[in-house]
Number of protein chains: 2
Amino acid sequence: MLDNKKVTELLRKKGFKVTPQRLAIYNALCNTKAHPNAEMIFNKLQPYYPTMSLATIYKTVDILHEIGLINILNVGEDSFRYDANTSSHAHICCTECGRVDDIMIDFAKCVEEVASQSSYDVHRHQFYFYGTCAECKAKLNSKAKVS
Amino acid sequence: MLDNKKVTELLRKKGFKVTPQRLAIYNALCNTKAHPNAEMIFNKLQPYYPTMSLATIYKTVDILHEIGLINILNVGEDSFRYDANTSSHAHICCTECGRVDDIMIDFAKCVEEVASQSSYDVHRHQFYFYGTCAECKAKLNSKAKVS
DNA sequence: CTGACTGCAAACCATTTGCAGCTGT
DNA sequence: ACAGCTGCAAATGGTTTGCAGTCAG
């Protein structure tokens, strides 16, 4: 969650140019908790950057991931989602409506246990939980009452 | 990891027909620890079922997943992988060679913690770890010595 | 017998690539 | 200036779909 000045510095330091598109995509990711995919980012930026193409979004998220500014998520859908919150946290997906929320719990102990028991050098991890969100639970209950 | 008799019963009970293709695909998944994707299953069965198509594999894994016989994994590749081991366990992927191994550690406590702190009803979870496997570590070391 | 299944080919769709013109430095 | 970037259009590749013939029950 860096400000534009820091992002500019980092991009330059890593040998990339700083363009309005790149800043806009990173800012769009900072200003949402929806964990959007490429198309959702595209639709959000469309009013402000009407000529921006999906190709630019894909190329940009690759770079942002490469320089460690974003995480790439795959919750089991056909598209990837992107997250500007790079602190260690898990994700939970509603199997009814598809929303993806953060779980701000630190699983350091689990990771340590794996690192000590596995023959791998463990660098990174990704935890996904699946269930029914509060809103969908409410909807399902009211439907059950009607029928 | 059921035997053919039990799989037959289960398929019938759920209203599906039992075909040689379905049994072969399930058995192929039971007899590997590689967590294969559709194409890997296809190549493995090719010698024995030369007319089987990828479409059949995709349709079959859908059904096997629906009746709870297999798990679907997505480690961040462009294809899905399938696992006949449905017991609660995590997976670790080598970022060098792409292999996927099981981690037979039970994360019940982590899951409980999430279930108690989240507003979701938690039904399912998927834990992925990423790192360098023992073989790739060895290769990387010997390369480092040479250069 | 009959509805479900297989396997082929075509369709689909998220993502990637090639390239001409533009822009950051 | 000039290498790297954008945005278009075309290509790619995993997965899905439509459908005619086949097979399990």
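Values below: every heavy atom of this structure, side chains too, minus hydrogens, waters and symmetry copies. Remember, it's a predicted structure, so these values are computed and weren't measured experimentally. Below, chains carry the letters A, B, ... as their sequence lines are ordered, and counting in each starts from 1.
- As a whole-Å value, the separation of F42(A) CZ from dT6(D) C1' is 13 Å.
- The list of disulfide bond (SG atoms under 2.5 Å apart) pairs with a residue in residues 66-99 of chain B, not counting sequence neighbours, is empty.
- Hydrophobic cluster membership of M40(A), counting Ile, Leu, Val, Met, Phe, Trp and Tyr whose side-chain heavy atoms lie under 4.5 Å apart directly or via other members: none, as it forms a cluster of its own.
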From CA spacing to verdict: side chain to side chain donor-acceptor pair (under 3.5 Å), T132(A), H123(B): CA-CA 8 Å; T132(A) 314; H123(B) 303 317; 2.9 Å; yes
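- By the ring-ring contact (aromatic ring centres under 6.0 Å, His included) test, F127(A) is found to be paired with F107(A), H125(A), F127(B), F129(B), residues two or more places apart in sequence or in another chain being considered.
- In the 5' to 3' direction, nucleotides of DNA chain C lying under 4.0 Å from heavy atoms of chain B begin and end at dG3(C) to dC8(C).
- Separating the NZ atom in K14(A) from the CG atom in L69(A) is a distance of 9.5 Å, to the nearest 0.5 Å.
- Using a 4.0 Å cut-off on heavy atoms, the residues of residues 53-62 of chain A that approach DNA chain D are S53(A), A55(A), T56(A), K59(A), listed by number.
- The side-chain hydrogen bond (donor to acceptor under 3.5 Å, both in side chains) check on R22(B) picks up nothing, with sequence neighbours excluded.
- The list of salt bridge (charged side-chain N to carboxylate O under 4.0 Å, His left out) pairs with a residue in residues 109-132 of chain B, not counting sequence neighbours, reads K137(A)-D121(B).
- Rounded to an integer number of Å, the gap from CE of M52(B) to C1' of dC23(D) is 15 Å.
- Closest-nucleotide positions on DNA chain D for Y82(B) and Y49(A) were compared, and the one nearer the 5' end corresponds to Y49(A).
- Contact record, I25(B) with T56(B): CD1-O, 4.3 Å, taken as the closest heavy-atom pair.
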Taking it one step at a time, do N27(B) and N4(B) satisfy side chain to side chain donor-acceptor pair (under 3.5 Å)? CA-CA 8 Å; N27(B) 285 324; N4(B) 281 348; 3.0 Å; yes
Would H89(B) and D83(B) count as a side chain to side chain donor-acceptor pair (under 3.5 Å) if you check the C-alpha gap in whole Å, the side-chain angles of each, and the deciding distance to 0.1 Å? CA-CA 11 Å; H89(B) 67 287; D83(B) 188 354; 3.2 Å; yes
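- For DNA chain C, the neighbouring residues in residues 8-37 of chain B, judged by any heavy atom under 4.0 Å, are F16(B), K17(B), T19(B), Q21(B), R22(B).
- Here ring-ring contact (aromatic ring centres under 6.0 Å, His included) pairs that include residues 32-73 of chain B, with residues two or more places apart or in two chains, are H35(B)-H91(B).
- Atom-to-atom, CG of N74(A) to P of dG14(D) comes out at 15 Å; the value is rounded to the nearest Å.
- From one end of the helix from dC1(C)-dG25(D) to dT25(C)-dA1(D) to the other, with five pairs defining each end axis, the axis direction shifts by 40° (rounded to 10°).
- If you take NE2 of H65(B) and P of dT16(D), they are 12 Å apart, rounded to a whole angstrom.
- Remark: C110(B) engages C110(A) in a disulfide bond (SG atoms under 2.5 Å apart) (not counting sequence neighbours).
- Hydrophobic clustering, defined by side-chain heavy atoms of Ile, Leu, Val, Met, Phe, Trp and Tyr closer than 4.5 Å, groups Y128(B) together with L73(A), V75(A), V100(A), Y128(A), Y130(A), L73(B), V75(B), V100(B), Y130(B).
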